[in-house]
Number of protein chains: 2
Amino acid sequence: MLEIETLSPPRTFSNLKPWLQNHYRDLPKRLQSVAVFALHNPDVIALNTVAVISEQAGVTPSTMVRFAKSIGYQGFSDMQEVFQQSMRHVPQPYSERLSSMQGPVDLEQTVLSQFTQAATESISRLEQQADEAAIKQASLQLACARTVYIAGQGRAEPVVAYLHYTLVKLGIHATLLQGTSPTITDKARMLREDEVLVAISFSPYTANTKELVDVCLGNGVKVVAITDSTLSPIARTDDYHLEVLEEEVSGFRGLSATMCLALCLAVEAGKQRVERQEMALS
Amino acid sequence: MLEIETLSPPRTFSNLKPWLQNHYRDLPKRLQSVAVFALHNPDVIALNTVAVISEQAGVTPSTMVRFAKSIGYQGFSDMQEVFQQSMRHVPQPYSERLSSMQGPVDLEQTVLSQFTQAATESISRLEQQADEAAIKQASLQLACARTVYIAGQGRAEPVVAYLHYTLVKLGIHATLLQGTSPTITDKARMLREDEVLVAISFSPYTANTKELVDVCLGNGVKVVAITDSTLSPIARTDDYHLEVLEEEVSGFRGLSATMCLALCLAVEAGKQRVERQEMALS
DNA sequence: TTTTTTATGAAATAAATATTCCAAAAAGTA
DNA sequence: TACTTTTTGGAATATTTATTTCATAAAAAA
């Protein structure tokens, strides 16, 4: 009978890799071929059933289970979890920690490290999936506008304040659009076609900001929306919208990535404005 | 009974996204929340069972199946395939990402990547050199205070707004201290000894905020300062001060790390307040 | 309001999936 | 060679997982 590893098996894919390299020569022929397959196609193992995987690997389902057990896993499913873990977008706190840090680690993450981790993750996502072209187009609207109006409530208010501060510093004429429901809508009606509204809103969405967007779009005023989802009621196909999603930690969402996006938008607008002015002079 | 889409459903995640955007409004409440969850956490849907996913999404398994069917899929499994497909050929996030970070940096960096990089560095520095104990002590002051007053101008204003928003959400009594020079100093004189001032100020420092700090310290009011340097005039040895330094990109400083710190401070204060209340009860 | 329709969750059922078992084949040993 | 040990694949079983059903709750319509 096949010797089965009794010690606890690798709990991360990056630990499993060297394990397989070390034990490769001691494995039976079929199990060796599974090892090679596993190292080359981790995503296949993560996303399929034993039947499908074993077929692709050219072995029988039983062999697949035996392979997992020979490493020390309770069964195939147990091993599959490790492969799935390596694909998850949000790294689970302690599994990644074990591989990167050696020795006993404090299981309790500090509040600070939880939030910095979430912030880093959010910013990284912003960089990867943000639409560079959309930012350029949106900033062009701000650069061309005679005046930029900025609106947003609740968690969006800090973003509004920062965008306003930065645009003004860059010499772009920007104004806050503040107030309660009936007043602010009236203000929105005053916007001209050569002006732009920047609407910032996050889940849970306030009907208030949506109203502004509707009024402006109805009057032919350009709208740039910053939101955390394209499902947001203020996201439309006929305006310019930017998406930024903040990772959540125990119910709290930060604003790190959002602030970064706001700064980009403002700086890009500043650059485009300078380019336009140079064009006009020549 | 719920109308079920009879036409063939989207076969890729990138097609599913706009589908959900267009039909979002027509969906029942629970199905809407599933739609939001699905767009925000595609990896969770790809890698888990209905039981696990529906729990995370805050709905029942039945709802999950209904959601899939309402789009036109045969069932949950059919829909899950689409989510899995979007992950299949994606290279391993971590190993790939790290190796690309170490390589030579792109010569032409986009504005976005410049700022995300600066933000990431700032946050990383915050995590490494922030004084965990100082955060705890400062948050304890906020937790004990009858009212927390928050002041700051210019680039600090977004931070003031965010801290205020978060503290209030956590049930901590917080008020903005706004106004121009003579008025605001008068307001500061009203603070009692069981209240706390949070002063936020960055280089170049405004004399204004310093004045507030001096007034408060003179009256025995506790002050928590957030600044970008211990050289800041509002940083003293006898108050609680937190330091956060934002990396600069061609003259612009972001607020990503600062926002992260503000959130930490608020959440930590919220935690300590709960602990205090539990102590009081026993 | 009352009636009708629609939406929802819990439990029962059906389907699929992983795991175990065992006979047979292959490899190793004397 | 004959005997023992290990490995393998296929079928039976146990378990998990998705799906359907149905009673009830919530909206919408009358």
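Below, each value reflects all heavy atoms present in this structure, side chains not excepted, and no hydrogens, waters or symmetry copies. In what follows, every chain begins at residue 1, and chains take the letters A, B, ... in the order their sequences are listed.
- In this structure, Leu31(A) atom CG and dT8(D) atom C1' are separated by 10 Å, rounded to whole Å.
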Let me have a per-nucleotide readout for nucleotides 9-27 of chain C, 5' to 3', with B, S or -, counting only protein heavy atoms under 4.0 Å.
-> BB------SSBB------S

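- When rounded to the nearest whole Å, the span between CG of Leu27(B) and C1' of dA7(C) equals 12 Å.
- Every residue meeting the side-chain contact (heavy atoms from CB on, under 4.5 Å) condition with Ser62(A), not counting sequence neighbours, appears here in chain and number order: Thr60(A), Arg66(A).
- Here dA7(C) presents its C1' atom at 13 Å from CD of Gln32(B), a figure rounded to the nearest Å.
- Taking every heavy atom of both residues into account, Gln84(B) and Ala46(B) meet most closely at NE2-O, 3.1 Å.
- When the side-chain contact (heavy atoms from CB on, under 4.5 Å) test is applied to Leu112(B), the partners found at least two apart in sequence or on another chain are Leu126(A), Ala130(A), Glu132(A), Ile135(A), Cys264(A), Thr110(B), Thr116(B).
- Between Asp26(A) atom CG and dT7(D) atom P the separation is 11 Å, expressed in whole Å.
- Contacts of Thr147(B) classified as side-chain contact (heavy atoms from CB on, under 4.5 Å), with partners at least two apart in sequence or in another chain: Tyr149(B), His173(B), Thr175(B), Glu195(B).
- Every residue meeting the side-chain contact (heavy atoms from CB on, under 4.5 Å) condition with Val148(A), not counting sequence neighbours, appears here in chain and number order: Leu142(A), Ala145(A), Ile150(A), Leu167(A), Ile172(A), Ala174(A), Val198(A).
- For Glu55(A) and dG10(D), the CD to P distance is 12 Å, given to the nearest whole Å.
- Rounded to an integer number of Å, the gap from Glu81(A) CD to dT16(D) C1' is 13 Å.
- Residues satisfying the side chain to side chain donor-acceptor pair (under 3.5 Å) criterion with Gln272(B), sequence neighbours excluded, are Ser139(B).
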